[in-house]
Amino acid sequence: MVLTSQNIIVINMIKSRMKRIGVLTSGGDGAGMNAAIRSVVRSALLQGAEVRGVMRGFYGLVEDDIISLNHRSVANIISRGGTFLKTSRCPEFQTRAGMAKAVATLKRHEIDGLVVIGGNGSYAGAYELFKRFRFPVVGVPGTIDNDLYGTDQTIGCHTAVNTALDAIDKIRDTAHSMERIFVIEVMGRDSGYIAMQVALGSGAEDVIIPERKFNYQAMYEEIKRGHKKGKISWMIIVAEGAGKAHEVAEKVTKVTGFESRYIVLGHIQRGGTPTAPDRVLATRLGAAAVDCLLKGRYGKAVGILQNKINVVDLQQACATSNVPINEYCRLIKNLI
Ligand code: F6P
């Protein structure tokens, strides 16, 4: 018999004991999460599994807030930012009692497997579910921070970088016109990925990230030297986890004597229409997560490496730094 993709789907359905899949988004939202949910829902339905949506991340498991999802529930959401299932950070889920409630909800709704779309904290929670209760879970990397192992990109990062870059380009116009120093704070509590991308992409003069010790004295000296040669505007990108923009700006003014301003880009980086790469990534990863569950590959996280689907252990995927620090820093300095 020739195996068509339709035959393979039917064989998977027969082999899989997974009748009902749950999906949730957790932690900070990222553009493309809706596209990932859509892909999970439609891939699962295609293969004969029912789908339930868990509202507000793990909170919906603890509080039993579950909805049925069908083909139409996810119509016209691929282009929308945020997540229509909503998301939250749920400290209660981290307690023994909270997790027990979550497992009871999963049982009550006869959910056989769960797709968790989120970042570090969400992966850690999903891993606990798998480790302590042997509950079948698969993680989909959804965070603007791009700090998960096993994937080149996380959902939402590309959009966030573009949003930040667009804002920084505008600030550059003012910095240049008014001959000022600007300190711009971008998101990233533990990860300097966004900071590095926008620094290189905007032609910024300095970047301060949590992964690398920063030499402030060298920067002050460089600003003063540059000023003598006629270079007045200066853009400093700081990741939120590495320093506060207002403190950096105050210090720069104090030490160099030059006027500086600061701006915190904050949450504008998270929302907005997902870029094409984020939609495509989310769609591929949502489908890959369902495949994992249906094939019995539990406690895993899906990703894309060198443009191919990659599956790693959830525990291993929890955190990493994807910043090519040395190369980026060299380029930033060499190209001023
Ligand atoms: O994890 C994504 C992220 O945007 C981080 O970059 C940032 O530190 C954090 O979330 C902010 O979280 P909240 O929106 O809960 O303040």
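For ligands, and for the atoms within them, numbers begin at 1 and follow the listed sequence. In this text, all values refer to a predicted model and were calculated from it rather than measured experimentally. Sequence positions, counted from 1, serve as the residue numbers for this chain.
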With the threshold set at 4.0 Å, does a side-chain nitrogen-carboxylate oxygen contact exist between Lys131 and Glu128?
yes
Applying salt bridge (charged side-chain N to carboxylate O under 4.0 Å, His left out), run through Glu205 and Lys333 and close with a yes or a no.
CA-CA 7 Å; Glu205 280 75 14; Lys333 283 295 147 203; over 6 Å; no
Any sub-3.5 Å donor-acceptor pair from Thr105's side-chain atoms to Leu61's backbone N or O?
yes
Just go through Asp29, Asp190, Asp145 and tell me whose heavy atom is the nearest to atom 1 (O) of ligand 1.
Asp145
Counting from 1, what ligand 1 atoms have a heavy atom of Gly188 closer than 4.0 Å?
6 (O)
Which residue owns the protein heavy atom closest to atom 3 (C) of ligand 1, what's the atom, and how far is it?
Arg270 NH1, 3.4 Å
Proximal candidate to atom 10 (O) of ligand 1 [heavy atom criterion; set Met187, Arg189, Arg89]
Arg89
Does Asp29 come within less than 4.0 Å of Lys86, counting only side-chain N to carboxylate O?
no
Could you tell me, atom by atom, which parts of ligand 1 come under 4.0 Å of a heavy atom of Ile144?
4 (O)
Work out whether the distance between some heavy atom of His267 and some atom of ligand 1 is less than 4.0 Å.
yes
Check whether NZ of the Lys or CZ of the Arg Arg132 lies under 6.0 Å from the centre of the six-membered ring of Phe130 and within 45 degrees of that ring's axis.
no
Do the side chains of Met235 and Ile168 get nearer than 4.5 Å, heavy atoms only?
yes
For atom 8 (O) of ligand 1, the closest protein heavy atom turns out to be Glu240 OE2, 2.4 Å
